[in-house]
Number of protein chains: 2
Amino acid sequence: MNIGTTFHLCQDAVMAPKKTSTPRREDSLTRDRIIEAAIELLDSTGEGGLTFRSLSERLATGPGALYWHVANKDDLVNAACDAIVARTLADGAGGATPGDSIRELALALFDAIDRHPWVGSALAAAHGQLPMVRILERIGRQVRALGVPEEAQWATVSVLLNYILGVGGQNAANGQFARTHGIDRDAFLAALSSRWLALDPEEFAFTRSFADRLPAHDDRADFLAGIDVILDGIASAHAR
Amino acid sequence: MNIGTTFHLCQDAVMAPKKTSTPRREDSLTRDRIIEAAIELLDSTGEGGLTFRSLSERLATGPGALYWHVANKDDLVNAACDAIVARTLADGAGGATPGDSIRELALALFDAIDRHPWVGSALAAAHGQLPMVRILERIGRQVRALGVPEEAQWATVSVLLNYILGVGGQNAANGQFARTHGIDRDAFLAALSSRWLALDPEEFAFTRSFADRLPAHDDRADFLAGIDVILDGIASAHAR
DNA sequence: ACCTGAACACCGTTCAAGT
DNA sequence: ACCTGAACACCGTTCAAGT
C-alpha cells in the first residue's frame with residue numbers, strides 16, 4: 001500500500017474546457033491513485049461527499065472504470081482508512097517506556113482522526129480488517145512490554161483499543177455533524193451546552209452540572225487522561 | 001432536533017385501554033407506532049433493512065405519511081435507539097456498590113447492543129443526543145458516588161462511556177457483517193482467525209499469537225474485564 | 001389535521017461495447 | 001488488459017392533491 005504517486009487536480013481551472021475537448025488523464029488509473037483521490041475527497045467533502053460519480057469525475061473517467069481496481073465502496077473506504085492508519089503508525093518513534101509508547105500511539109491516532117474524521121467511522125465499521133489489526137498489533141506489543149501476564153493480555157489490549165475506537169467514533173460524529181451543519185467546533189459545543197441546560201434539572205442533574213464547562217474543555221487532554229486511567233488500572237492489576 | 005419529546009413505551013401493557021378521549025382511530029399512525037415498527041424492522045433485517053418504503057409498507061401507508069410524524073431518517077433511528085436505551089436503563093435495579101452499579105449498567109448496555117446491533121452504530125452517530133445523555137447521566141452519578149473528585153469526574157465518566165461505546169460499535173460491526181454475509185458468530189470468528197493466521201509472521205507476531213484463541217474467547221467476559229481495569233484505574237488514582 | 005403516491009435528485013453497481 | 005457510459009434497481013425527501 002505504498003502511495004507516493006503525485007497527481008494534480010485542476011479544480012481551480014476556472015475556464016471551462018471546450019465542448020470538443022474532454023478532460024484527459026495524464027497517466028493511467030491505479031488503485032493507489034484512486035485511493036489517494038478518495039482520501040482528498042473524504043477530507044474535503046466529508047463522508048457523504050465520496051461518491052463513485054464524484055470520484056470518477058475527479059479522476060476524469062467513468063464510474064465503472066473504478067471497479068476494475070476496487071471491489072466496491074467498502075473496499076475503497078477501508079483502503080483509504082488503512083492508508084491513513086499506516087502513515088500514522090509509521091511516524092511513531094516510540095517512547096521511553098511502554099506506557100509512553102502507548103500514550104504516543106493513542107495521541108497520534110487521536111490527531112489523525114481529528115484531521116480525518118471519516119477514519120473514525122471507517123475503523124468502527126471494519127472489525128478485524130487490516131487497519132484495526134495494525135493498531136491491535138502495536139498496542140499488543142506494548143502491553144507485552146508492560147509485563148502483563150499472557151492470559152490477561154488480550155483483555156488488556158481490548159480495553160485500550162476499544163477506548164481509542166470509542167473516542168475516535170465520537171470525534172468522527174462531531175466532525176460530521178459540524179460539517180453538515182456548517183458550524184465550527186465552538187459553535188457545536190455551545191449548542192450542545194445549551195441543549196443540555198434545557199434538560200430536566202432532576203433527571204439530568206449530573207449532565208447539567210457539566211454543561212457550562214463543556215465549551216471550554218479540552219478533548220485531547222481528556223482523551224489522554226482516559227488513557228492514563230486505563231494504564232493505572234493495568235499497573236494496579238499486575239503490580240510487580 | 002426535536003427528539004426531546006416524551007413518549008411512553010407500553011411494550012408489556014398489551015391490553016391497556018386508553019381511558020382518555022382518543023379521537024384517533026386505533027390503528028392510526030403515531031410517532032410511537034412508527035418507532036416501534038422501525039425497531040422491529042431494524043432487528044429483523046438489519047441496518048440496511050430500514051427504509052421509508054419498507055417501513056411504510058409495513059404500516060400500510062405511503063412513504064410521505066411518515067414525514068408527518070418523523071423529521072427524517074436520522075430522527076427516526078435516533079428515536080428508535082433512544083427507546084431501546086431508555087428501556088435498558090429502566091431495568092437496572094442498582095448494585096450494592098457504585099462499582100457494582102457501573103458493572104451492571106455496562107453489562108445491560110452490552111447485552112442490549114448484542115440483541116440490537118444497530119443501536120451500537122446509532123449511539124456512535126449521535127453524539128450528545130438523548131440516548132447518549134441518558135447513559136452519561138447514569139455513569140456520572142455512579143462516578144460521583146465512587147468519590148471521584150469534582151475536577152476529575154468528567155474525564156472519568158468519559159473513559160467509561162467511550163469504552164462502552166467502542167465495544168458497542170465493534171459489536172454492531174460484527175453483527176452487521178455476520179448478517180450481510182449470512183454467517184453466525186462462530187463462523188465469523190473462525191474466518192477472522194484464519195485471516196489473521198495468514199498475516200506476516202514478523203509484522204503481526206502479536207496478532208497471530210492470539211488468532212487460535214479467538215474463536216473460543218468470551219466477548220462478554222472480556223468486556224467486563226475491561227470495565228474492571230478501568231475501575232481499578234479510577235480507584236488507584238483517587239485512593240482514599 | 002393528516003395521508004397519498006407520484007416525482008425528483010440522487011446512489012452503488014453492472015455490463016455490453018469499445019480500445 | 002483496461003476503460004466507457006448508459007442502464008438498473010434502488011435510496012431519502014418533497015409536494016400537489018386528496019380526506
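So you know, we letter chains A, B, ... as the sequences are listed, proteins then strands, and number each from 1.
Relative to the ring axis of B:Phe223, B:Arg220 does not place its NZ or CZ within 45° and under 6.0 Å from the centre.
Ring orientation note: the planes of B:Phe52 and B:Tyr67 are close to parallel, at an angle under 30° on the 30°/60° scale. Taking the six-membered ring where tryptophan is involved, the planes of A:Phe210 and A:Phe206 are tilted, since the angle between them lies from 30° to 60°.
Residues passing the side chain to side chain contact (heavy atoms under 4.5 Å, CB included) test with A:Ala108 are A:Thr88, sequence neighbours excluded.
The heavy-atom pair separating A:Ala38 from A:Leu76 by the smallest distance is CB-CD1, 3.9 Å.
The CG-P distance, from A:Leu59 to D:dG5, rounds to 14 Å in whole Å. Taking atom NE2 on A:His69 and atom P on C:dG12, their separation rounds to 19 Å, with Å as the unit. The nearest whole Å value for the distance from the CZ atom in A:Arg33 to the P atom in D:dC2 is 14 Å. Per the geometry, CG belonging to A:Leu29 stands 16 Å off P belonging to D:dA1, to the nearest Å. At whole-Å resolution of the value, CG in A:Leu66 and P in D:dG5 are 13 Å apart. The distance between atom CH2 of B:Trp68 and atom P of D:dT19, rounded to the nearest whole Å, is 17 Å.
For B:Glu57 and B:Arg53, the salt-bridge test fails: no basic side-chain N is under 4.0 Å from an acidic carboxylate O.
Contact annotation for A:Leu50: backbone-only contact, meaning every heavy-atom pair under 4.0 Å involves sugar-phosphate atoms and none involves a base.
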### Query
After noting the C-alpha distance and the side-chain angles of A:Trp118 and A:Asp43, does the key distance pass the side-chain hydrogen bond (donor to acceptor under 3.5 Å, both in side chains) rule?
CA-CA 8 Å; A:Trp118 52 272; A:Asp43 284 346; 2.7 Å; yes

### Query
Can A:Arg134 and A:Asp82 be said to form a side-chain contact (heavy atoms from CB on, under 4.5 Å), step by step?
CA-CA 9 Å; A:Arg134 288 189 204 277; A:Asp82 195 50; 2.7 Å; yes

Between protein and nucleotides 13-16 of chain C, what N or O pairs are separated by less than 3.5 Å?
{"unit_1": "C:dT13", "atom_1": "OP2", "unit_2": "A:Tyr67", "atom_2": "OH", "d": "2.9"}
{"unit_1": "C:dT13", "atom_1": "OP2", "unit_2": "A:Lys73", "atom_2": "N", "d": "2.9"}
{"unit_1": "C:dT13", "atom_1": "O5'", "unit_2": "A:Tyr67", "atom_2": "OH", "d": "3.1"}

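Taking the nucleotide of DNA chain C with the nearest heavy atom to each of B:Ala60 and A:Thr51, the more 5' of the two is matched to B:Ala60.
Counting heavy atoms from C-beta on, the side chains of B:His116 and B:Leu42 never come closer than 4.5 Å.
Looking at DNA chain C, the stems built from 3 or more consecutive Watson-Crick or G-U wobble pairs, each pair with its key distances under 3.5 Å, are C:4-8 with D:12-16, C:12-16 with D:4-8.
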